[in-house]
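Here is the structure we will look at.
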Amino acid sequence: MSLNIYNTLSGNKEPFEPFEPGKVKMYVCGPTVYDSCHIGHARSVVVFDVIVRYLRAIGYDTTYIRNFTDVDDKIINRANDLGITLKELSEKYIDEFNEDMDALNVRRPDFAPKATEHIDQIIDVIKRLIEKGHAYQVNGDVYYSVNSFEGYGKLSGRKLEDMEAGARVDIDEKKNNPFDFALWKSAKPDEPSWDSPWGEGRPGWHIECSAMGREFLGETFDIHGGGKDLIFPHHENEIAQSEAAFGKQFVRYWVHNGFVNINQEKMSKSLGNFKMIKDVIMKYHPEAVRLFLLSNHYRSPIDFNDKSMDESSAGLDKIYTLLLRVEKSIGSAKDIEPANIYEKFCEAMDDDFNTARGIGIIFDSVRSINRMLDKNTAGALDDNLSVEEKKEIGSAHADILRIGNVLGIITESPEAYFNKKKETALEDKSVDAEMIEEMIKKRFEARKAKDFETADSIRDKLDSLNITLEDSPEGTIWKVKE
RNA sequence: GGCGGCAUGGCCAAGUGGUAAGGCAGCGGCCUGCAAAGCCGUUAUUCAUCAGUUCGAAUCUGAUUGCCGCCUCCA
């Protein structure tokens, strides 16, 4: 099976065929940098990160662009409130965005262009639109005329006539049609501005993506992504701009991710329930956050709550526990033949990036490996495993790591993962690792002497400190309870 | 008012015409000195409701009900 992608434009899953065979050009709308990033930004960025990783894993030479919107009303207002420049504010939040996303193990895009650094390209597109009669000037503002573009509404499935009926749109005397939107806004006092053929001003929101997409990817590119909320008007307007200006198809596949709700409610200012990434990753391992975000299909809504996050954390633990077990018992196998697990994972991913199914495949595999390794519980180490079984385990282990590489999880060694978890968990407790190891040693001696009373009292004491012990033929390990 | 989406076991969630993945929780068992971890078994004759198409539907069609999103800045 080959890759199929749900295309918002057609409303269907379509076989993926890039414009240029073997190469994928992809653009995703990045953040408007005026505030910290929340878990919803994380979802969009992680989803498209996985999409890019997968496209590359199946051999596409992929160019990936994600922009920063660094000039708009919200940024200007915020900067003015704080008494700093637009640039100071946007740079601060760009840095923070990069920190958050690096922490979430998101790979940087090939280019991360900023609107303010592409004013010339933006002006060029606007000029063309005016020349071709798709835009008009009013006192230094330039508006796009939606009536001039026949396909207006084709992405969002709207008709201009229908929208006007019950529209909640302010009537602006300067516009010919209420849905006309600004390509260029004339400068107001105290606003940053750039010179243009229409006077001092700044670009409207939508035009930057048309201009920068063209700059980095060309006039037609393969995938354009973003949150569902961007379908209208943002992406609808991008299509109108680019196709009117360049006379060709703008984007072949439109991909939109669903929202993150918080305890069944939409994140909103009035509810004050924004979950910032920097806060979430203080409590949960970044890979647990990724596992959570990828555990639903990317187009469905997902509900962020403690229970779901705890389950994702437990799931991640389960995977790392298995990996640790494999490495302790049979080590890293050599001469590995690929198992069919990765193949099954790819089948899931080929079906519109079905990461939820893909994660199920990981757990299937975890169970089957544990089953094989359980043959050892009675005896010492791997005596009961046949050469074939060891090979199978080694292959499955390698496949899981390969899947992890696409999902951006399991990037640490199991030891490092558990050690880090212990450190974090012990930080605010009155115990340290050395003390625990010492107690485990004492318990081991007691058990050897069949003094189970002492052994159990040690275990109980650790248990009261939220430390759980696990005995196995390979020795005793300890974990901190969540 | 317009447009779109969703409704699957106690909870989360895959499954888009061929007879219900996976995770969490529960119960029974194996293993263990006892635990923990892991494994095995078990929990939906059934996929909001009703009607229809079909040899066959959770999957297609129509209607009903209930949620949700977009149409205004928003990932």
Side-chain angles (χ1 to χ4, degrees), chain A residues 8 11 13 28-32 34-35 37-48 72-74 77 153 156-170 179 205 225-234 236 256-261 264-269 274 291-292 295-297 299-303 305 307-308 310-312 314-315 317-318 321-322 324-325 344 348 351 354-378 447 450-453 455-456 459-460 463 468-472 476-479 481:
Chain A
T8 306
K13 283 183 199 171
V28 173
C29 285
T32 299
Y34 72 105
D35 205 347
C37 293
H38 53 64
I39 189 74
H41 293 106
R43 184 180 198 192
S44 176
V45 172
V46 166
V47 161
F48 289 104
D72 101 326
D73 289 343
K74 292 190 297 292
N77 293 339
S156 53
R158 293 153 205 268
K159 296 192 184 84
L160 281 168
E161 312 87 78
D162 293 341
M163 290 195 291
E164 282 168 47
R168 292 189 277 160
V169 177
D170 292 335
F179 290 95
W205 173 34
K228 263 193 161 79
D229 54 319
L230 297 180
I231 295 171
F232 189 89
H234 186 52
E236 194 69 65
H256 294 98
N257 65 276
F259 276 18
V260 179
N261 293 127
Q264 321 262 29
E265 287 179 320
K266 185 183 167 162
M267 267 193 282
S268 74
K269 291 211 165 74
F274 280 86
L291 195 63
F292 163 72
S295 65
N296 277 29
H297 187 91
R299 282 188 279 118
S300 307
I302 188 169
D303 193 52
N305 57 66
K307 187 167 175 279
S308 295
D310 289 343
E311 283 181 13
S312 290
D317 268 6
K318 189 174 176 134
T321 301
L322 178 273
L324 186 67
R325 199 176 172 200
K344 280 195 210 158
D351 185 12
N354 196 331
T355 54
R357 201 160 97 207
I359 288 167
I361 289 161
I362 297 179
F363 285 113
D364 278 339
S365 162
V366 165
R367 180 157 33 78
S368 73
I369 298 174
N370 267 321
R371 193 185 300 151
M372 281 192 267
L373 288 170
D374 267 3
K375 291 174 75 176
N376 287 332
T377 44
R447 288 181 72 210
K450 301 247 187 270
D451 178 5
F452 295 121
E453 209 171 302
D456 288 352
R459 189 172 61 198
D460 289 346
D463 187 70
T468 308
L469 299 187
E470 291 178 18
D471 297 327
S472 79
T476 298
I477 61 167
W478 59 276
K479 286 180 179 168
K481 281 192 252 179

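Here is how names work: the chains are called A, B, and so on, in the same order as the sequence lines, proteins then strands, and each is numbered from 1. What you see is a predicted model, and the numbers here were worked out from it, not measured in a lab.
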Nearest-nucleotide pick for [X], side chain only, options being [options]:
X	options	answer
A:A356	B:A14, B:C74, B:U72	B:A14
A:K74	B:A75, B:C73, B:A14	B:C73
A:D351	B:A14, B:U16, B:C70	B:U16
A:D374	B:A36, B:A14, B:C39	B:C39

Euclidean distance, [Y] [atom2] relative to [X] [atom1], rounded to 0.5 Å:
X	Y	atom1	atom2	value
A:F274	A:D35	CZ	CG	8.0 Å
A:F292	A:I302	CZ	CD1	3.5 Å
A:D317	A:L324	CG	CG	11.0 Å
A:D229	A:H234	CG	NE2	10.0 Å

Would you kindly give the [atom1]-to-[atom2] distance between [X] and [N], to the nearest whole Å?
X	N	atom1	atom2	value
A:F232	B:G4	CZ	P	14 Å
A:I39	B:A75	CD1	P	14 Å
A:H256	B:A75	NE2	C1'	11 Å
A:N296	B:A7	CG	P	11 Å
A:F259	B:A75	CZ	C1'	6 Å
A:K228	B:C70	NZ	P	11 Å
A:Q264	B:G69	CD	P	12 Å
A:W205	B:A75	CH2	C1'	10 Å

Considering every strand and a 4.0 Å limit on heavy-atom distances, what is the contact class for [X]: base, sugar-phosphate, or nothing?
X	answer
A:L230	sugar-phosphate
A:G227	sugar-phosphate
A:T468	sugar-phosphate
A:N354	sugar-phosphate
A:G30	nothing
A:R371	sugar-phosphate
A:V47	nothing
A:H38	base

Considering only atom [atom1], compute the distance from [N] to [M] and round it to an integer number of Å.
N	M	atom1	result
B:U59	B:U43	C1'	24 Å
B:U65	B:C24	P	39 Å
B:C68	B:G10	P	22 Å
B:G28	B:G66	P	41 Å
B:A14	B:A48	P	15 Å
B:A57	B:U19	P	12 Å
B:C47	B:C60	P	15 Å
B:C70	B:G9	P	26 Å

Review point. Is there a donor-acceptor contact under 3.5 Å linking the side chains of A:K344 and A:S365?
Key: no
Practice item. Kindly give the heavy-atom pair with the smallest separation between A:M267 and A:H38, and that separation in Å. Key: CE-ND1, 3.6 Å
**Study point:** Aromatic ring pairing A:F232/A:F179, orientation class (parallel under 30°, perpendicular over 60°, tilted between)
**Key:** perpendicular
Return the nucleotide paired to [N]: Watson-Crick means purine N1 to pyrimidine N3 with N6-O4 or O6-N4, wobble means G-U with N1-O2 and O6-N3, both under 3.5 Å.
N	answer
B:U49	B:A63
B:A75	none
B:C34	none
B:A58	none
B:A21	none
B:C70	B:G2
B:C39	B:G29
B:A44	none

Review point. When you match A:C29 and A:L469 each to their closest nucleotide on RNA chain B, which lands nearer the 5' end?
Key: A:L469
Study note, to complete from the structure: Heavy-atom nearest nucleotide on RNA chain B taken for A:D72 and for A:N370; more 5' hit belongs to A:N370
May I ask you to decide whether [X] forms a salt bridge with [Y], counting only side-chain N to carboxylate O separations under 4.0 Å?
X	Y	result
A:R447	A:D471	yes
A:R459	A:D456	yes
A:D364	A:R357	no
A:K13	A:D351	yes

Enumerate the protein-to-nucleotides 23-25 of chain B contacts in which both atoms are nitrogen or oxygen and the separation is below 3.5 Å.
unit_1, atom_1, unit_2, atom_2, d
B:G23, N2, A:E311, OE1, 3.4
B:C24, OP1, A:K318, NZ, 3.4
B:C24, O2', A:E311, OE2, 3.3

Exercise for review: Would you kindly check whether a donor in the side chain of A:R459 faces an acceptor in the base of B:A35, or vice versa, at under 3.5 angstrom?
Suggested key: yes
Practice item. Answer with yes or no whether A:D456 presents, from its side chain, a donor or acceptor under 3.5 Å of a partner atom in the base of B:G33. Key: yes
